[in-house]
Amino acid sequence: MTRTRTTPPRPLDIEALFPELAAHRGTTTRLHPRPGTPTRHDSSVGGPLLWPADEAWPTCTEEHRRNKGRRIGDIREERRIHAAAHDRALTDEERDRLTTLQRRHKLPDIGDTHPVPLLALAQLYARDVPDLPAPPGHDLLQVLWCPFESHGLPPTPGVHLRWRDSEAAMDAVLTNPPLPPVVGYEGLVPEPCVLHPEPGVVEYEWPELLGEDLQLRIEEWEEELWESEEDGGESLSYDADFAVAAGWKVGGYAYWGVTGPHPMVCSCGTDMELLLAIRPSEHGGAASWIPLEDRVLAPTHVSVGRVGTLNLFVCPADPAHGHRTSLQG
C-alpha cells in the first residue's frame, strides 16, 4: 500500500510524567478512511464487497418500523450539493432541491418484519490490517448493518459480520447487491472511502480503568494545565490526547465516554476484545490526532446515534463466536 496517513507524535511523553501508564499502553491500527473509489478487492468503508454471486445477501427481519425514511440516492445528492458549495452560499435552486431531497418517504406496504437488505459498511483485508483477528483460513472481514437504528437499548443499527477466504470468493462475484428502499437515518449511509491503515499507533486505556491513585494524579495534572491555559498554556487532557486513538480503528482499547467501562463477555465465558471502533471524526475532540497529511475530519459521513462511537467486540478465543456492540454517544 502506498497510501499514507501519519498520526502526529503525542504532545508530550505522558509516561515520563506517569510511569505506571506503561502497564496500560497498547497499540491500534487507525484506518484513516478517505473519499475515493475502492473496488471489491480493496479494504474500504462504504465500498463494494467481495461477495459470492451464489450467496444470499443478508437482510434484517427483526421486528421494528422500516416503512418510512430517506432514499439513499437523495442522501448522496444532498452531500454532493453541500460539498460543491462548501466555500460559497447555497443558491436558491440548491436550497429548493435540498428541501426536496430531505423529505422522508412512507412505504405503507412494508411491514415491521419485512426483509430489509443490509447496507455494506466496511471491508477489511488482513493484508492491510495486521491487527485483524481473522479466524484460521480467513483473511477478509465484511461488516454490514441494518439501515435503521432500532436494535437494542440505546437504539443502534443491527450489525452483521461475515468472515471469509477471499481466494474462495474470487470466481463469480455479486455486482449489484440489493439496497433498502429507504433508510432510517442518513448517518448510516457511508460514503465510499479508501483506507490508509496506520498500524502501531500508541494509545492508553480509558481513565476509569486506571488505578484510583493514578487517576487522581492525572486529574490534578489536568487541573494544573487548565489553570495554565488561562495564562496562555497548552490545552491537553489525558482522555482526549492520550487515551484511545481517535477515528475508525481496529484493535486496541475501547472508548467509554458515556457509560463508563463495563464487561463485554462472550457466550463461551471469554472476555471479549475490541474489533472495530466506528467513530464520527478523525479528531475525537482533540486536534492532536489529526493526521499530518490532511484535515479531512469526517470523510465517511457515518454517525451512529448522531455523534456516537460504536464499539464492536469479538471473542479472542474464536472471532466466529457472536459479537457484541456498545454505543457511546
Side-chain angles (χ1 to χ4, degrees), residues 28 31 33 45-46 49 57-70 72 75 104 110 112-124 141-163 179-191 193 206 244 246-267 271-281 284-285 298-315 319-329:
T28 188
L31 296 180
V45 168
L49 303 186
W57 188 262
T59 62
C60 174
T61 56
E62 289 191 29
E63 186 172 356
H64 61 73
R65 290 195 62 186
R66 63 194 73 206
N67 65 350
K68 187 175 182 180
R70 295 188 60 191
I72 293 175
I75 292 168
R104 296 179 66 82
I110 293 184
D112 290 352
T113 57
H114 186 90
V116 173
L118 301 187
L119 283 174
L121 176 65
Q123 174 166 270
L124 303 175
L141 170 65
Q142 295 169 328
V143 185
L144 305 93
W145 64 13
C146 175
F148 292 86
E149 291 180 316
S150 302
H151 299 255
L153 289 174
T156 59
V159 176
H160 176 88
L161 302 184
R162 188 64 58 95
W163 297 94
L179 291 173
V182 295
V183 302
Y185 169 51
E186 58 270 17
L188 302 183
V189 180
E191 283 297 297
C193 288
W206 191 248
V244 186
W248 288 61
K249 69 192 193 83
V250 169
Y253 296 128
Y255 171 81
W256 296 107
V258 176
T259 67
H262 56 269
M264 304 297 287
V265 181
C266 179
S267 58
D271 288 337
M272 305 180 90
E273 296 180 353
L274 182 71
L275 169 65
L276 177 67
I278 299 164
R279 305 193 71 180
S281 74
T300 67
H301 288 269
V302 170
S303 179
V304 186
R306 288 6 182 210
V307 290
T309 291
L310 187 66
N311 293 320
L312 178 60
F313 297 86
V314 293
C315 177
H321 288 177
H323 61 275
R324 294 187 63 187
T325 61
S326 175
L327 176 63
Q328 303 294 309

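Values reported hereafter were calculated over all heavy atoms of this structure, with side chains retained and with hydrogens, waters and symmetry mates removed.
Atom-to-atom distance recorded for M264:CE and F313:CZ is 5.0 Å, nearest 0.5 angstrom. L327 contributes atom CG, which lies 10.5 Å from atom CD1 of I278 (distance to the nearest 0.5 angstrom). To the nearest 0.5 Å, atom CD1 of residue I75 and atom NE2 of residue H301 are 11.0 Å apart. Remark: K249 NZ to R279 CZ distance equals 8.0 Å, nearest 0.5 Å. Rounding to the nearest 0.5 Å places CG of L312 at 5.0 Å from CG of L275. Of the inter-residue distances, the one linking T113 atom OG1 with R66 atom CZ reads 6.5 Å to the nearest 0.5 angstrom.
Put simply, the side chain of L121 reaches to within 4.5 Å of the side chain of V302, judged on heavy atoms. Proximity of Q328 to T259: side-chain heavy atoms (C-beta onward) are separated by under 4.5 Å at one or more points. In this structure, T28 and Y253 have side chains that are not in contact, with every pair of non-hydrogen atoms separated by 4.5 Å or more. Between D271 and P263, every side-chain heavy-atom pair lies at or beyond the 4.5 Å cut-off. When side chains are defined from C-beta on, V182 counts as touching F148, because their heavy atoms get closer than 4.5 Å. By the 4.5 Å heavy-atom criterion applied to side chains, L119 and P180 are counted as neighbours. For the pair V183/V189, a side-chain contact is recorded, criterion being any heavy-atom separation below 4.5 Å from C-beta on. Counting only heavy atoms from C-beta outward, the side chains of W256 and V244 never approach each other to under 4.5 Å.
Summarising the local packing, CZ of R65 is surrounded by 12 or fewer heavy atoms from other residues, nucleotides or ligands at distances under 6.0 Å.
Closest non-hydrogen pair, A122 versus L49, comes out as O-CD2, 4.0 Å. The two atoms that bring V159 and W145 nearest to each other are CA-CB, 4.2 Å, heavy atoms only. When all heavy atoms of P157 and C146 are compared, the closest pair comes out as CB-O, 3.2 Å. Between A277 and N311, the shortest heavy-atom contact is CB-OD1, 4.0 Å. Residues W163 and P319 share a closest heavy-atom pair of NE1-O, 3.6 Å. Smallest separation of non-hydrogen atoms from C315 and M272: N-CE, 3.8 Å.
Under the side-chain contact (heavy atoms from CB on, under 4.5 Å) criterion, T61 pairs with T59, P115, not counting sequence neighbours. Evaluation of the salt bridge (charged side-chain N to carboxylate O under 4.0 Å, His left out) rule for E273 yields no partner, not counting sequence neighbours.
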Given the rule in the side chain to side chain contact (heavy atoms under 4.5 Å, CB included) test, do L276 and L31 qualify, once you have shown the distances and angles that lead to the verdict?
CA-CA 10 Å; L276 177 67; L31 296 180; 4.0 Å; yes
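Between H151 and H64, the ring planes are perpendicular. Angles over 60° get that label, and only those under 30° would be called parallel.
Although no hydrogens or angles enter the test, the distance criterion places a donor-acceptor pair under 3.5 Å between the side chain of E149 and the main chain of G305.
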